[in-house]
Amino acid sequence: MAVIGLCPTQPDSAVGDTLLLPRPEILDGQTLGIVRNGLFNSGPFFDTLIKELLEMDDYAGVIDIHKPSVSVPAGPEDWADLTAHATIAITGFGGCGSCSARSMRDAIELEQVGIPALTICHIVLEPSARAVAKIAGFPDYPVLTVGHPYVPLATWSDDEAHELGHAISQKVRAMMMGCTLEALLTGATP
Amino acid sequence: MTAAAGASAAASIYDDESALVEDYFDQGWTDGLPIVAPTPRRVRRHLDAAGLVGVEIIGAVPTRDVIVTAEQVAINSVMAGCRPEYFPVVVASLRAHLSSLGNSHSTTGSMMGPAHALIINGPMRRELDIACGPACMGPGFRANATIGRAFRLVIRNACRGTPELFDRASFSWPLCYSFCFGEDEESSAPWLPLHVQRGFEPSDSTVTIASLIDMLHISSGLSRNPREVLDDVARTVRFHGTIADTDEFIGDQAAITFVVGPEHMRYFHEFNWSKADAQTYLLDRLQKPTRGPNDAAIQFTRPDQLVFVAAGGGGMSEVVALMPHLSATLTELVIPAEPTKGTQVDTQQALGVLHDILRVDGAQLTVARAAADSLTLLLTLDGADCADCVMPASILERICLQGLHEAGSTVSELRIIDPRVDVAGAGH
């Protein structure tokens, strides 16, 4: 006896793939935006990362915002300040199941208002970040992943957090200028 | 607010209900257990029970580009095994969960694998036989099991909450199958029911959603008064700590839920302690400064952030604490509706095109038996020059059912009695 069954899932996204904004060839004069999600001890990591980025290039300024919870959007006033002044941005640290996807969504929403961005997440959570990117039409969105010995959840000692910020600052710089992670891994850095 | 015009669930036709269930397993649309086939007729009955149209938006998960419609909720509610009269409870639970402070993306994507407790209050508990007493958090109660299951199937299917996409739970736990129970308002009187404490009328029926990452069975068998019970509760909660007391987004909407069973309830009644008395005393104990390792001061500021609910059966002198993830504990009104009649479509009219095709071959279909959601047709071949040239019944069934579905018919099961294979009305 024939039977009709209805599909219980979300329809596939109707959004097609979108081109990324061009990345700046130089970072001098850019205003750096940072979207921190406040995950456990990711604070010292960002402190060191920002410090080293500022030493490598002559930025016009930094807009450093802290979200009110790890997996939600930034507060409206912070977001307005960021999108009004930043010309390039970094989001993260995507170290938990939901915050990694949300940090990717933050980066994409910045891209959609004309601010090229990069998201940093733990490699264990990369699938979650990639899922958001694909749904939003940016399947190849720039993601910098970190892995062992740095654990997810950013449950790091202060020393570990500072060490990680130092370890990836050059890669972050390169990716902000358009270098892909694959090229970095093969040594073809700008 | 409605979803895009014309947006409705895709439909597939199966040879029978078993084939449908197997395909839904293969698609990853179940929680690992068999489901009930979500036919259009069954889905429509669920929608009617809540007075909703399918395109009405129940909520959204913006991070995941998800909009959840009433139809999606109804499909998953049918699949879970809910009766139509349970559907308004399912809808209310999702309205709360999908609100901003329900923080759906966080509480269903976290590596901690949070579950959600659905706590039912009001007369609907009795109307729907929602268990509140002995073993109420366990298996065996249809309303409890299927309402909780429907909630989780919506998260899985409509909210993209699968391990392949956004469910990043490292382990998860069985409460993610289903967790729903009622407050035992009758046995715990004069304690105010939770929904009354939260401003609803006693005659209202509500569902309260509480995310949880841990369930602590706090044993206090030597306690003989409310203070001793709550001192044991405070000691255990301070040892455990909570992640929800310093989240700026949730703020003072975060709450820990304490389920008090009859063995401890007698002390609260004996000493005339109301829920408010218990909340005030416990908050004071939880706020005290830390005394060192494994003793966290809980940074709640209001007594009503400690939610007390009466449930369970006699025997164990325990309070069950539901330790929250990052969402508010929200209470939503349940709004049922009088069922409305489904769309009636003239069967002969809907089969009109097929009639014309068969007539060319000298065959015809007549209605042998008709019900609201099923139809039996008789194929006659008296006028056919070549009986074997007429399409097989299995193909005719699929074509007929497709045509009826497109015409808005409520028929979801169809059989054709084919004289080439059927003898004396026997099925094929």
Side-chain angles (χ1 to χ4, degrees), chain A residues 1-15 36-40 66-76 78 94-109 121-122 124-138 151-155, chain B residues 7 9-17 19-20 23-24 27 29 37-40 43 62-67 71-72 75-76 79 103 105-112 153-154 157-160 164-169 247-250 326 374 394 397-398 400-401 405 412-415 427:
Chain A
M1 183 180 297
V3 156
I4 292 177
L6 296 178
C7 177
T9 64
Q10 196 65 222
D12 287 336
S13 173
V15 176
R36 303 190 194 216
N37 62 18
L39 184 68
F40 288 110
H66 297 238
K67 299 200 295 185
S69 188
V70 293
S71 304
V72 302
D78 281 344
C96 71
S98 52
C99 75
S100 48
R102 184 62 230 179
S103 285
M104 172 58 87
R105 177 62 70 175
D106 293 337
I108 287 172
E109 288 180 0
C121 76
H122 197 279
V124 164
L125 285 321
E126 187 183 6
S128 193
R130 289 278 176 220
V132 167
K134 186 176 175 191
I135 287 166
F138 293 91
V151 299
L153 273 187
T155 46
Chain B
S12 298
I13 298 178
Y14 299 88
D15 288 338
D16 53 36
E17 201 150 329
L20 180 151
D23 186 57
Y24 276 46
Q27 298 288 346
W29 295 342
T39 63
V43 169
T63 299
R64 304 178 186 181
D65 269 348
V66 161
I67 293 177
E71 183 186 49
Q72 288 169 331
I75 291 169
N76 286 279
M79 289 169 62
N103 212 357
H105 172 64
S106 182
T107 62
T108 64
S110 169
M111 295 193 298
M112 296 174 128
L153 283 177
V154 171
N157 289 324
C159 299
R160 299 184 162 133
E164 293 77 18
L165 287 172
F166 293 110
D167 182 357
R168 292 288 124 197
D247 189 82
E248 185 185 328
F249 178 71
I250 302 300
L326 300 176
S374 66
S394 58
E397 282 176 353
R398 294 173 75 89
C400 286
L401 200 54
H405 174 64
S412 58
E413 295 175 2
L414 183 140
R415 177 178 166 239

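Just so it is clear: chains get the letters A, B, ... in the order the sequence lines come, proteins before strands, and each one is counted from 1. Predicted model, so just to flag it, every value in this text is computed and none were measured. Side chains included, hydrogens not; waters and symmetry mates left out as well; all remaining heavy atoms used.
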pair A:P8-B:L153: side-chain heavy atoms closer than 4.5 Å: no

When every non-hydrogen atom of B:Q72 is compared with those of A:T9, the smallest separation belongs to NE2-O, 3.7 Å

Checked A:G97, A:S98, A:G75 vs chain B; the most non-hydrogen pairs under 4.5 Å come from A:S98

So, the part of B:D23 with a heavy atom under 4.5 Å from chain A: the answer is neither

Any side-chain heavy atom of A:P127 within less than 4.5 Å of one from B:E164?
no

Whatever's closer than 4.5 Å to a heavy atom in chain A on B:I13 counts as both

Applying a strict 4.5 Å limit to non-hydrogen atoms, the region of B:R160 in contact with chain A is side chain

Whatever's closer than 4.5 Å to a heavy atom in chain A on B:D65 counts as both

Non-hydrogen side-chain atoms of B:F249 and A:V70 separated by less than 4.5 Å
no

Of A:S71, A:S128, A:P152, the largest count of non-hydrogen pairs under 4.5 angstrom with chain B goes to A:S128

Of the listed A:P11, A:S69, A:A131, the one with the largest count of heavy-atom pairs under 4.5 Å with chain B is A:S69

Derivation of the side-chain contact (heavy atoms from CB on, under 4.5 Å) call for B:R168 and A:V124: CA-CA 9 Å; B:R168 292 288 124 197; A:V124 164; over 6 Å; no

Heavy-atom nearest pair, B:I75 first then A:C7, reads CD1-O, 3.3 Å

Per-residue tally against chain A (heavy atom, under 4.5 Å) across B:H105, B:M112, B:E413, B:H405 peaks at B:H105

Residues B:Y24 and A:L6: closest non-hydrogen pair is OH-O, 2.5 Å

If one checks every heavy atom of A:V72 against chain B at 4.5 Å, the contacting part turns out to be side chain

**Request:** Please determine, by modelled atom types, if A:R105 and B:T63 share a side-chain donor-acceptor pair under 3.5 angstrom.
**Result:** no

**Prompt:** Do B:T39 and A:I4 have side chains that get closer than 4.5 Å, going by heavy atoms?
**Reply:** no

Applying a strict 4.5 Å limit to non-hydrogen atoms, the region of B:L20 in contact with chain A is side chain

When the 4.5 angstrom heavy-atom criterion is applied to B:V66 and chain A, the contacting part is both

